[in-house]
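These notes concern the structure reproduced below.
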Amino acid sequence: MTEDLPTAEIVAAVAAAPVTMLIGTSEAGKTSLATALANALTARGQAVALVDADVGQSEIGPATTVGLGRVTRALTRLGDAEPIALRFVGTTSPVREMTAVVDATARLVDHARALGFARIIVDTSGLVAGDIGRALKRRKIDRVRPDLIVALERNRECDHILAPYIARGQPAVRRVSALAAPRRRSDTARRQHRARSLAAYLGTARARRIDLRRVSLRTVRGAALPRADLET
């Protein structure tokens, strides 16, 4: 796999799978592959949706959200997709609110299914290492129920995540070579990306007065806020 040209085999596999999830370490090329696959499927006439579940480095919507985008034209980057739904999870780290991130991802995939998209591609964060990485990815896979997992790897670093799915043969798994020479971003560059995305999203925001008696407010975990909390 090159950054701009997924193999014909991978394109064919994704073209046949209603929901595809991409996993791999940071800078493995997941977002570039998601963009290229979306373009390839759109060129085939398929209606494609993208779910951006990388809450720290979001392209569809600002950081702290999981975003759903519609592909209406050839993309140069994931963020060129038309945003149609966002779910706020309140963190840039999937570890801090794992349940909220997993739930938001699954809900947006279900929303895309309900809207009738022929193909849905889910881009995920680069956390795959250790017990936490395994728990996050398996929980996300089990809730989303993808038809295909594409693992971008250098040294089979996703084996500990994929083992049970390979053993039972569902969902299907395809392995792809990660970028050989990744363009690593520093922590400073990542913070700057988050700041830019939030500034772009909030730059045109307008103040609105809301009657709290007519709305239900909940935490990112789904718990209703007591009225006493709202009044203070």
Side-chain angles (χ1 to χ4, degrees), residues 1-3 6-7 9-14 16-37 50-59 63 66 78 87 89 91-110 119-187 190 220-221:
M1 193 270 293
T2 67
E3 183 174 355
T7 66
E9 177 187 1
I10 293 299
V11 172
V14 175
V19 179
T20 297
M21 181 179 290
L22 309 184
I23 67 172
T25 61
S26 296
E27 314 302 341
K30 296 185 301 296
T31 300
S32 295
L33 179 59
T35 302
L37 288 170
L50 290 162
V51 174
D52 182 354
D54 188 354
V55 294
Q57 296 294 299
S58 305
E59 294 283 344
V66 178
L78 208 66
R87 292 193 71 90
V89 297
T91 182
T92 58
S93 169
V95 176
R96 293 175 186 161
E97 291 289 350
M98 188 182 297
T99 297
V101 171
V102 169
D103 183 67
T105 305
R107 286 177 180 271
L108 287 186
V109 170
D110 287 343
R119 297 295 177 263
I120 304 165
I121 299 172
V122 183
D123 188 20
T124 63
S125 70
L127 179 56
V128 298
D131 293 342
I132 294 177
R134 180 171 60 249
L136 172 64
K137 290 302 184 287
R138 285 190 183 174
R139 288 180 64 179
K140 196 169 286 187
I141 291 165
D142 293 343
R143 283 280 278 115
V144 169
R145 297 172 287 111
D147 304 278
L148 172 66
I149 301 171
V150 177
L152 288 82
E153 300 175 301
R154 297 187 181 91
N155 297 297
R156 300 181 76 87
E157 56 270 20
C158 295
D159 271 358
H160 68 134
I161 297 168
L162 298 172
Y165 309 108
I166 292 173
R168 69 171 181 247
Q170 189 178 11
V173 174
R174 294 286 186 277
R175 298 179 186 269
V176 173
S177 296
L179 294 178
R183 297 189 303 273
R184 298 194 180 278
R185 287 184 288 182
S186 66
D187 290 343
R190 290 176 176 275
V220 293
R221 295 178 183 270

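Everything numeric here is computed off the predicted structure, so don't read it as measured data. The figures that follow rest on heavy atoms only: side chains count, while hydrogens, waters and symmetry mates do not.
- Remark: the backbone N or O of T25 is paired with a side-chain donor or acceptor of K30 at under 3.5 angstrom.
- Side-chain contact of R87 with T105: a donor-acceptor pair under 3.5 Å is absent, judged by distance alone.
- A heavy-atom distance below 4.5 Å is found between the side chains of P146 and I141.
- In this structure, the side chains of T99 and R139 come closer than 4.5 Å at one or more pairs of heavy atoms.
- Side-chain contact check for L136 versus S125: some heavy-atom pair is nearer than 4.5 Å.
- Note that the CG atom of D54 and the CG atom of L127 stand 10.0 Å from one another [nearest 0.5 Å].
- Considering only heavy atoms from C-beta on, S32 stays 4.5 Å or farther from E27 through its side chain.
- Looking at D110 and R143, no side-chain N of the basic residue comes within less than 4.0 Å of a carboxylate O on the acidic one, giving no salt bridge.
- D123 places no side-chain N or O within donor-acceptor distance of the main-chain N or O of D52, the cut-off being under 3.5 Å.
- Of all heavy-atom pairs between T31 and E59, the closest is CG2-CG, 4.4 Å.
- Across all their heavy atoms, I121 and L37 have their closest contact at CD1-CB, 3.8 Å.
- Applying the side chain to side chain contact (heavy atoms under 4.5 Å, CB included) rule to R134 yields the partners D131, R138, H160, I161; only residues at least two apart in sequence or on another chain are considered.
- At least one side-chain heavy atom of I132 sits less than 4.5 Å from a side-chain heavy atom of M98.
- Among pairs with a residue in residues 169-178, those fulfilling salt bridge (charged side-chain N to carboxylate O under 4.0 Å, His left out) read E153-R175, D159-R175, at least two apart in sequence or across chains.
- Minimum heavy-atom separation, D147 to A17: CB-CB, 4.0 Å.
- Here the side chains of I23 and M21 are in contact, with some heavy-atom distance below 4.5 Å.
- Remark: the backbone N or O of L22 is paired with a side-chain donor or acceptor of T124 at under 3.5 angstrom.
- The CG atom of L78 lies 12.5 Å from the CD atom of Q57; values are rounded to the nearest 0.5 Å.
- Panel note: side chain K140, backbone A106; no donor-acceptor pair is recorded below 3.5 Å.
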